[in-house]
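In what follows, a structure is listed as structure tokens, so that the remarks can point back to it.
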Number of protein chains: 2
Amino acid sequence: MNDGEEGTGRTARPKRVDARRNEENLLDAAAAVFVASGVEAPVRDIAARAGVGMGTIYRHFPTRADLIVAVYRHQVEALAEAGPALLSKSASPYAALGQWIDLFVDFLVTKHGLAAVLQSDNAGFETLHAYFLDRLLPVCTELLDAAADAGEIRSGMESYAFLRGVGNLCIGSDHDSRYDARRLVGLLVAGLARPH
Amino acid sequence: MNDGEEGTGRTARPKRVDARRNEENLLDAAAAVFVASGVEAPVRDIAARAGVGMGTIYRHFPTRADLIVAVYRHQVEALAEAGPALLSKSASPYAALGQWIDLFVDFLVTKHGLAAVLQSDNAGFETLHAYFLDRLLPVCTELLDAAADAGEIRSGMESYAFLRGVGNLCIGSDHDSRYDARRLVGLLVAGLARPH
DNA sequence: TAAGCAAACGGAACGACGCTCCGGAAAATA
DNA sequence: TATTTTCCGGAGCGTCGTTCCGTTTGCTTA
């Protein structure tokens with residue numbers, strides 16, 4: 001997992017400098033292209049932008065999903081860490097849940113096409129799907145459980161389905177000013193609240 | 001609009017019998033393939049199943065979207081007509097809304113990949129998007145307005161966004177037993193109810 | 001019935017795309 | 001500098017949506 005800056009291991013031989021440079025260029029280029037043309041931009045565009053060939057991109061990132069994961073890894077990690085933090089700072093678990101969902105929606109809505117790709121059943125995006133689930137599902141489960149234990153929401157809500165539902169609601173929220181994902185997610189979270 | 005069975009018009013020359021037969025075979029084949037492989041099945045598969053060439057399919061249905069619309073036209077019309085009927089029969093507008101949404105969700109959930117394609121921003125599916133909006137948005141608006149007038153739901157909900165939200169929640173509800181679109185849509189509708 | 005013509009057909013072909021493969025270049029090493 | 005190891009570039013393959021055009025087929029008219 002740690003393919004970080006320093007090759008500290010004795011047995012691990014450091015990567016060649018051109019390889020490291022290309023990987024960085026690729027990440028920058030991908031981020032730029034994703035912003036400009038969305039996450040589903042052709043791989044060739046990213047390679048061209050980074051000034052490398054097709055082979056290079058696929059050697060560093062075996063599949064598109066890996067590249068996407070690498071580009072957004074920092075933000076997803078931050079999101080995962082924000083969950084417990086909100087839970088301890090907020091007035092109630094339900095409030096923390098709402099705030100965390102807001103962060104999640106803000107993240108998805110600002111990434112062209114990411115929400116759409118997250119639920120795509122195209123083989124090759126399983127890695128992406130798995131990564132998001134791996135990092136965010138436990139956090140979401142914790143928030144939901146806390147709110148349920150506090151009696152603030154209906155019990156029995158599967159966190160997996162809930163997370164996917166929120167993600168789905170974010171699809172297409174770019175390029176359509178008439179569609180406000182935040183509003184709908186707000187409705188969903190409101191619907192989750194225990195009726196009284 | 002009326003390209004129906006009988007060419008009754010004096011000036012309209014009837015279509016050739018092979019053309020009419022092929023169009024019917026195409027519709028049947030498409031329906032079968034959609035059930036078996038989903039709405040995004042390759043056009044070649046449909047042509048092969050119908051026993052016609054690629055040219056034929058594209059002459060009858062200029063784009064994939066037109067074919068999909070043709071296949072599901074009857075069900076969409078029935079859905080559109082069910083709106084007013086429910087409104088007049090149900091105990092309350094809100095109940096009618098809920099029942100109509102259930103019909104909509106049932107329709108989407110049983111059509112592999114249709115919900116996904118409905119929101120696709122791929123050029124070429126605009127026709128499909130437009131048709132669904134054209135037929136269903138007025139119905140949804142009527143139901144929402146009635147429920148709002150009755151004071152049963154929060155006011156100010158854009159019917160367009162609401163309809164899209166429901167459609168989005170249906171994405172991927174096939175091929176994933178852990179994701180229950182009906183449940184989530186229920187939550188969304190519950191969230192719409194006026195808090196009391 | 002036979003000729004002529006518009007309508008319709010079939011499938012090769014094109015461009016776009018994701019991804020693979022391998023000959024060669026470049027960096028590390030001796 | 002010579003050798004080895006790593007990495008690179010981009011041509012090429014398979015798939016898909018869609019177009020194009022030579023050929024066939026059903027209708028019409030003499």
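First the proteins, then the strands, lettered A, B, ... as listed; each starts at 1. All figures in this text were calculated on a predicted structure; none of them were measured in a lab.
- For C:dA7, its base sits under 3.5 Å from the side chain of B:Arg16 at one donor and acceptor pair at least.
- Cation-pi geometry between A:Arg194 and A:Tyr94 is not satisfied (NZ or CZ under 6.0 Å from the ring centre, within 45° of the ring normal).
- Rounding to whole angstrom units, CG of residue B:Asp18 and P of D:dT25 are separated by 10 Å.
- Candidate nucleotides D:dC7, C:dG18, C:dA8 were compared by shortest atom distance to the side chain of A:Arg59, and D:dC7 ranks first.
- Atom CZ in B:Phe61 sits roughly 14 Å away from atom P in D:dT18 (whole-Å rounding).
- In this model, a side-chain donor or acceptor of A:Arg44 finds a partner on the base of D:dG12 within 3.5 Å.
- Closest to the side chain of A:Val43, out of D:dC7, C:dG18, D:dT18, is C:dG18.
- The aromatic rings of B:Tyr160 and B:His129 lie parallel to each other, their planes meeting at an angle below 30°, with 60° marking the opposite boundary.
- Candidate nucleotides D:dG17, C:dA28, C:dA8 were compared by shortest atom distance to the side chain of A:Val17, and C:dA28 ranks first.
- Summarising the geometry, the separation between CG on A:Asp45 and C1' on C:dG15 is reported as 14 Å, rounded to the nearest angstrom.
- When the side-chain nitrogen and oxygen atoms of A:His60 are compared with OP1 and OP2 of D:dC8, one or more of them lie within a distance under 4.0 Å.
- Under 4.0 Å is where a charged nitrogen must lie from a carboxylate oxygen, and between A:Arg183 and B:Glu158 no such pair does.
- The distance from atom CZ of B:Arg21 to atom C1' of C:dA8 is 11 Å, rounded to the nearest whole Å.
- Contact annotation: B:Thr56 side-chain N/O to C:dA8 OP1/OP2 distance is not under 4.0 Å.
- Put simply, the side chain of B:Asp102 does not reach to within 4.5 Å of the side chain of B:Arg182, judged on heavy atoms.
- In this structure, A:Ile68 places its CD1 atom 13 Å from C1' of C:dG18, rounding to the nearest Å.
- Rounded to a whole Å, the NZ atom of A:Lys15 is 16 Å from the P atom of C:dT29.
- Among the nucleotides D:dG26, C:dC19, D:dC16, the one closest to any side-chain atom of A:Arg64 is C:dC19.
- Taking only side-chain atoms of B:Met54, from C-beta outward, the nucleotide of D:dT19, C:dG18, D:dG10 with the closest atom is D:dT19.
- Between the C1' atom of D:dT18 and the CD1 atom of B:Ile57 lies a distance of 11 Å, rounded to the nearest Å.
- Results of the side-chain contact (heavy atoms from CB on, under 4.5 Å) test with A:Val185 over A:Leu108, A:Leu169, A:Val109 single out A:Leu169 as the only residue that passes.
- Between A:Asn22 and the phosphate of D:dC7, there is no side-chain N or O to OP1/OP2 separation shorter than 4.0 Å.
- Remark: C1' of D:dC16 and CG of B:Asn122 are 12 Å apart, rounded to the nearest angstrom.
- An OP1 or OP2 oxygen of C:dC19 is reached within less than 4.0 angstrom by a side-chain nitrogen or oxygen of A:Tyr58.
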